[in-house]
Asker: 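Here it is, the structure, as structure tokens.
Hydrogens, waters and symmetry mates are skipped; everything else that's a heavy atom, side chains included, is used.
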Amino acid sequence: MVKGGFLSPFLLLITLLVATFACQFSSMFLVKVISLLPFWFLYGISDFAAFVGRRIVRYRLRVVRRNLDIAFPDKTKAEKRSIEREFYRHFLATFVELFKSYRFTKADWEARFELVNRDELEKLVEAGIPVIALSGHKANWEWNGCVMGATNNCDVDFVYKKVQNKFFDNLMINLRTKHVHRVIEKEESGKEMLRNKYPRIMGMVADQSPMLRSKKVWVDFFNRATAFYPGTNKIARIGGYAVYFVHVEKVKRGYYKLEYKQIAVPPIGKEVNVIQAYASLLEESIKLNPSGYLWSHKRWKYSKAEADAAMAEQKNK
């Protein structure tokens with residue numbers, strides 16, 4: 001009896017997923033249904049999915065453990081396993097939180113987020129200075145963009161990475177544009193930001209790992225040379241953007257504190273390394289709440305030596 005009751009939320013979610021795929025004419029069907037369900041019910045589903053993902057499917061478990069070993073060499077095995085368990089719970093909860101927030105209003109966002117230094121960004125935009133707001137895959141990175149768009153009294157655009165599956169790509173675009181002014185595909189974002197330098201906030205999750213043979217900049221991140229995309233340095237300097245780091249920490253489940261921390265304001269000289277400043281602030285933020293970071297991402301999938309060799313090989317072809 002208890003087992004059946006425990007499984008019923010999971011079975012309901014599977015039923016809704018099947019129904020959604022059967023009704024691809026409306027990619028928002030699942031979202032609209034899930035957004036009506038209470039948080040306690042949705043967290044029950046996500047906790048069950050987290051248990052299955054870690055203990056049975058073992059979703060990217062080797063990647064998670066390798067990343068934790070790199071980031072926290074001084075922590076004991078027990079400490080890292082504790083972070084690991086909480087990471088899976090947090091990771092799965094981000095999805096149900098995103099679906100649930102489809103019906104959020106500005107008041108809902110302000111009730112769930114303590115917002116610090118929001119007025120600094122709005123004053124810059126009012127003065128005609130566009131702002132780049134750099135966040136990471138920390139806390140609920142999808143909510144981070146949504147709350148920025150829903151609560152700031154100016155245009156907020158958000159850079160996103162296109163998903164290969166067209167159905168899910170359209171689903172995520174619909175979810176994100178519900179609360180932000182518009183979304184801009186990552187490959188077009190650099191040109192767009194230099195072409196249209198009108199006052200706005202441009203949000204982006206900036207901790208993705210560049211492809212092995214693509215342009216990159218190497219900075220220190222958790223005491224290891226780590227590759228980041230280099231474009232933000234150039235765009236901020238040439239485009240006259242101010243740059244802020246978006247620090248987010250979880251207060252309790254479903255509630256967060258978001259603080260904008262200044263990195264640089266124009267004019268930005270070549271001596272200012274925006275990417276290194278961002279990486280240092282992100283590392284500091286992660287250490288405050290390690291389980292809230294996306295450890296399943298292959299952040300250190302190649303070394304600088306491997307990347308240099310690959311680039312040299314490509315140049316010689």
Side-chain angles (χ1 to χ4, degrees), residues 54 58-91 94 132-142 144 159 161 186 203-233 236 243-250 256-264 272-311:
R54 176 174 175 264
R58 297 173 70 84
Y59 172 74
R60 293 202 170 189
L61 189 59
R62 288 184 180 180
V63 175
V64 172
R65 290 180 175 176
R66 178 176 182 269
N67 284 341
L68 290 175
D69 286 340
I70 291 172
F72 303 109
D74 297 330
K75 287 190 180 296
T76 65
K77 182 178 179 179
E79 288 173 325
K80 284 182 276 194
R81 290 296 182 270
S82 177
I83 295 171
E84 174 191 305
R85 285 191 297 273
E86 190 56 33
F87 157 71
Y88 278 94
R89 290 185 72 237
H90 177 81
F91 176 53
T94 60
I132 298 174
L134 301 174
S135 58
H137 285 91
K138 169 86 173 7
N140 189 327
W141 49 92
E142 292 291 348
N144 298 349
V159 177
K161 188 173 183 179
K186 180 180 172 297
M204 63 179 73
V205 180
D207 59 345
Q208 295 97 335
S209 182
M211 298 293 289
L212 181 63
R213 290 177 173 81
S214 66
K215 291 182 179 179
K216 58 185 70 67
V217 60
W218 293 88
V219 300
D220 182 73
F221 186 56
F222 282 99
N223 298 313
R224 174 174 287 220
T226 306
F228 284 80
Y229 284 103
T232 307
N233 274 328
V243 185
Y244 275 73
F245 174 68
V246 183
H247 165 69
V248 186
E249 57 184 279
K250 182 165 69 173
Y256 299 87
K257 176 182 177 181
L258 184 152
E259 181 180 0
Y260 297 103
K261 296 186 176 184
Q262 186 185 109
I263 292 178
V272 179
N273 190 333
V274 170
I275 301 299
Q276 180 61 76
Y278 161 74
S280 297
L281 287 167
L282 178 60
E283 178 180 332
E284 179 184 311
S285 181
I286 293 168
K287 287 178 176 177
L288 290 173
N289 179 217
S291 62
Y293 190 61
L294 185 63
W295 296 111
S296 57
H297 172 55
K298 294 181 180 179
R299 194 62 194 85
W300 294 286
K301 54 183 157 185
Y302 53 79
S303 66
K304 188 175 187 302
E306 291 170 333
D308 290 345
M311 293 294 286

Asker: Ignoring hydrogens, what is the shortest heavy-atom contact between Lys138 and Glu249? Give both atom names and the distance.
Answerer: NZ-CA, 4.1 Å

Asker: Just by modelled atom types, is the Met211 backbone N or O under 3.5 Å from a matching donor or acceptor in the Ser214 side chain?
Answerer: yes

Asker: To the closest 0.5 Å, what do you measure between CG (Asp74) and CD (Glu79)?
Answerer: 9.5 Å

Asker: Using side-chain heavy atoms (C-beta onward) and a distance below 4.5 Å, is Glu142 in contact with Thr94?
Answerer: no

Asker: Establish, for the pair Lys287 and Tyr293, whether the NZ or CZ atom is under 6.0 angstrom from the six-membered ring centre and no further than 45 degrees off its axis.
Answerer: no

Asker: Any donor and acceptor pair, going by atom type alone, linking the side chain of Lys216 with main-chain N or O of Leu212 inside 3.5 Å?
Answerer: yes

Asker: So, His137 side chain and Asp207 main chain: donor-acceptor pair closer than 3.5 Å or not?
Answerer: no

Asker: Run the ring-centre check on Phe228 versus Phe221 and record whether the distance is less than 6.0 Å.
Answerer: yes

Asker: Got His247 and Leu258 here, is their nearest side-chain heavy-atom distance under 4.5 Å?
Answerer: no

Asker: Side-chain contact, heavy-atom cut-off 4.5 Å: Ser209 with Lys298?
Answerer: no

Asker: Assign the ring pair Phe91 / Phe87 to parallel, tilted or perpendicular, where the plane angle (0 to 90°) is split at 30° and 60°.
Answerer: parallel

Asker: Can you tell me how far CG of Asn273 sits from OG1 of Thr232, rounded to the nearest 0.5 angstrom?
Answerer: 10.5 Å

Asker: Taking the side chain as C-beta and beyond, is there a heavy-atom pair between Val246 and Leu134 under 4.5 Å?
Answerer: no

Asker: Between CZ of Arg60 and CG of Leu294, what distance do you get to the nearest 0.5 Å?
Answerer: 8.5 Å

Asker: Quickly, which of Arg66, Lys77, Arg54 forms a salt bridge (charged side-chain N to carboxylate O under 4.0 Å, His left out) with Glu84? Name it, please.
Answerer: Arg54

Asker: Please test Arg65 against Arg81 for side-chain contact (heavy atoms from CB on, under 4.5 Å), starting from the C-alpha separation and ending with a verdict.
Answerer: CA-CA 8 Å; Arg65 290 180 175 176; Arg81 290 296 182 270; 3.5 Å; yes

Asker: Assess whether side-chain contact (heavy atoms from CB on, under 4.5 Å) is satisfied between Asn67 and Asp69, documenting all intermediate values.
Answerer: CA-CA 5 Å; Asn67 284 341; Asp69 286 340; over 6 Å; no

Asker: Go through it in stages, so that I can follow the logic: the residues are Thr226 and Lys304, the test is side-chain contact (heavy atoms from CB on, under 4.5 Å), and I'd like the CA-CA distance, side-chain angles, deciding distance and then a yes or no.
Answerer: CA-CA 8 Å; Thr226 306; Lys304 188 175 187 302; over 6 Å; no

Asker: If you apply the rule side-chain contact (heavy atoms from CB on, under 4.5 Å), what do you find for Arg213 with Met311, and how did you get there?
Answerer: CA-CA 6 Å; Arg213 290 177 173 81; Met311 293 294 286; 4.2 Å; yes

Asker: Any side-chain to backbone donor/acceptor pair from Gln276 onto Asp220? Under 3.5 Å, distance only.
Answerer: yes

Asker: From Ile263 CD1 over to Ile275 CD1, what is the distance, rounded to the nearest 0.5 angstrom?
Answerer: 8.0 Å

Asker: Which heavy atom in Val63 sits nearest to a heavy atom in Ser296, and how many Å separate them?
Answerer: CG1-O, 3.5 Å

Asker: Return yes if some donor-acceptor pair links the side-chain N/O of Trp300 with the main-chain N/O of Arg224 below 3.5 Å, else return no.
Answerer: no

Asker: Tell me the closest heavy-atom pair linking Val205 and Gly136, and the distance in Å.
Answerer: CG1-C, 3.7 Å

Asker: For His90 and Lys250, work out which heavy atoms get closest and say how close.
Answerer: ND1-NZ, 3.3 Å

Asker: Would you call Lys261 and Glu259 a side-chain contact if the rule is heavy atoms closer than 4.5 Å?
Answerer: yes

Asker: How long is the straight-line distance from CE of Met204 back to NZ of Lys186, given to the nearest 0.5 Å?
Answerer: 9.5 Å

Asker: ring-ring contact (aromatic ring centres under 6.0 Å, His included) between Trp295 and Tyr88: does it pass, once the steps are laid out?
Answerer: CA-CA 9 Å; Trp295 296 111; Tyr88 278 94; over 10 Å; no

Asker: Hey, could you give me the CG/NZ distance between Leu288 and Lys257, rounded to the nearest 0.5 Å?
Answerer: 10.0 Å

Asker: I'd like to know if the side chain of Glu283 reaches the main chain of Ser280, judged simply by a donor and an acceptor atom lying under 3.5 Å from each other, with no hydrogens or angles considered.
Answerer: no

Asker: If every non-hydrogen atom of Ser135 is compared with every non-hydrogen atom of Tyr278, which pair is closest and at what distance?
Answerer: O-OH, 2.7 Å

Asker: Of the non-hydrogen atoms in Pro230 and Lys215, which two are nearest, and what is the gap between them?
Answerer: CD-O, 3.6 Å

